[in-house]
Amino acid sequence: MGLEVVRDELEGIDPEALRREKHKKKDGLRDLPGDTSKVVLRFAPNPNGPLTIGHSRGVVINSSYAEKYEGTIVLRFDDTDTKIKPPLMEAYSWIEEDFEWLSGRAADIVIRASERMPVYLKQAKKMIADGHGYVCQCTAEEFRKFREEKMDCPCRVRAISENLEDWESMNSGKIMEGGSVVRVKTSMDLPNPALRDWPALRIQHSPHPIVGSKYKVWPLLDFQSAVEDHEQGVTHIIRGKDLMDSTRKQKLLYEHFGWEYPETLYWGRVKVHEFGGFSTSGMSSSIKKGDYEGWEDLRLPTLRALRRRGFEPESLISLWSEIGLTQKDISISMQTLETFNSKNIDGLCERRFFVCNPILIGIQSQEASSEASIPRHPEGAIPGTRKWGVGNHIFIQEEDFTEGKLRLKDFADIEIEGSNAEIEGFDRSDGRPIIHWLPEGIARRAKMFVPEGEEIRELEGVIEDFELCLGDVYQFERFGFAKIERIDSEVVELVWLHG
RNA sequence: GCUCGUGUGGUGUAGUUCGGUCCAUCAUGUCGGACUCUCGAUCCGUCGACCCGGGUUCAAAUCCCGGCACGAGCACCA
């Protein structure tokens, strides 16, 4: 039977069925799998710096799901490494602030792994006592060989009592760093090498910034996270897909403990065109070296830097919601975020003039009008006007200067000759170019800081001195959005947001 | 090397579970236009994609097989 035959037949039966219906783009997050009656989610950063735009995906996705299912969200600091990615004391509160700024509410539960050490140590001991883990004295290189060749290491077959003794030695500090490690006994002939007797706890003698030298044995992420997720009753884990093998490792551990593993979802790797690859530890060392002013440096992809510039949390939320939860590796552009942000703030920002590289010209008129009246917002989203006296001299941008006919926006048609302008009339009379401008009396010196890749460009100019509020974002006409960061008697300082 | 994951326009996504309603959705972007006293906003139009090759089928983005590309894990980091 051909399609035509079917079509003809259907025509007779139900003509409605033939009407083509276009597919609609489905929006919103996909439903969570499994039992969603009491959803418990978690967001678990390493407190070695403030949150970045990369972390923001985790915050947005998790808090959106928490909202959708009226679930709870645990903010957990995975701070069990004191050597390679040591915790930064200030970062704990920074992250809580960043989280709240972005999600609009504080996490329901905040925990620090370093404070939960007794729990992890207890479970580790139980694991050893139950014969599901053992103390391994092989060096990393030796074990790597065993792993590659699917061979048991000699430590694997020792008695539980011996393991327990070694466990005590590890904890009492008798064994030096690197001297031994606790492994989860899985199987050495698993096809996936990552899962073969994976390391769960190691010795660290360097002090932890919060708990000092109290503990000699610290859990690795896979163990700590697995135990804590169970302790907190986490129902759904949403994590990067680079952690897929962590899921598999942890499931093997959960089998040992007889626990039920949470539902797990993943997202792919994210790159931001403008920032390339960035890591918290990389930024940390660059800051220490003096390459950046600090974590709020305009050039950095931290949430603090974005907030400083004037991005709204809703823009990040829109961005990540639009992207959704996919396992594809993606590369996004800041321009997309900026577009979302423009939509969010356009109706909220009053207009002002910023004249960059100003040049002063004289202005005179036959007619009498020395006052300009310009709307605060062109579509009236913000009612009212800004009114200023004009005087005899005005600033215009060097690049706008041309001898001939111009229109001073919202004021008058002029003709420039030399360094003087003659007002030809106040109504717009033709299609001459419109420029922004500023009377000398209303102009105030201003500096605009614009992040450009690895540089910060400093633009000099004059700003319209009309009801300027510190901390507010304005749209400077024919220029773009910027935020006032500092006002003093000398100069107004602005940070660039976007066009 | 072993293991795992992902391939839809420039970018990001919907559709893939259960083949037909898909000459493939939406957003952003490009280009053009309208409007506007901003290079902003708004509106209209335009361009542009199913990784490749086989197979199954009346019918494949969707199912099967084989490639290829990219990414990740195999850390005493998270």
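Naming: A, B, ... by sequence-line order, numbering from 1 per chain.
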Value in whole Å for how far the [atom2] atom of [N] lies from [atom1] of [X]:
X      : N     : atom1 : atom2 : result
A/M170 : B/C76 : CE    : C1'   : 9 Å
A/K85  : B/A78 : NZ    : P     : 8 Å
A/R248 : B/G5  : CZ    : C1'   : 8 Å

Given A/E228, which of A/R42, A/R76, A/R116 fulfils the side-chain hydrogen bond (donor to acceptor under 3.5 Å, both in side chains) condition?
->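 The single option meeting the side-chain hydrogen bond (donor to acceptor under 3.5 Å, both in side chains) with A/E228 is A/R116.
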Select one nucleotide: of [options], the one nearest the side-chain heavy atoms of [X].
X      : options             : answer
A/D81  : B/C37, B/C77, B/C39 : B/C77
A/T336 : B/C74, B/U28, B/C77 : B/U28
A/R202 : B/A78, B/U38, B/G1  : B/A78

Ignoring hydrogens and angles, does a donor from either the side chain of A/Q327 or the base of B/G7 sit under 3.5 Å from an acceptor on the other?
-> no
Pair of N/O donor and acceptor under 3.5 Å linking B/G12 base with A/E322 side chain | yes
B/U25 versus B/A61 - spacing of their C1' atoms, nearest Å |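 B/U25 and B/A61 have their C1' atoms separated by 13 Å.
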Pairing residues for A/S333 by the side-chain hydrogen bond (donor to acceptor under 3.5 Å, both in side chains) criterion, not counting sequence neighbours |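 For A/S333, the residues satisfying side-chain hydrogen bond (donor to acceptor under 3.5 Å, both in side chains) (neighbours in sequence not counted) are A/E274.
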Do the side-chain N or O atoms of A/R30 get closer than 4.0 angstrom to the phosphate oxygens (OP1, OP2) of B/G15?
-> yes
Report the C-alpha distance between A/E399 and A/N357 in whole Å, list the side-chain angles of each, state the deciding distance to 0.1 Å, and finish with yes or no for side-chain hydrogen bond (donor to acceptor under 3.5 Å, both in side chains).
-> CA-CA 8 Å; A/E399 62 171 87; A/N357 298 328; 5.8 Å; no
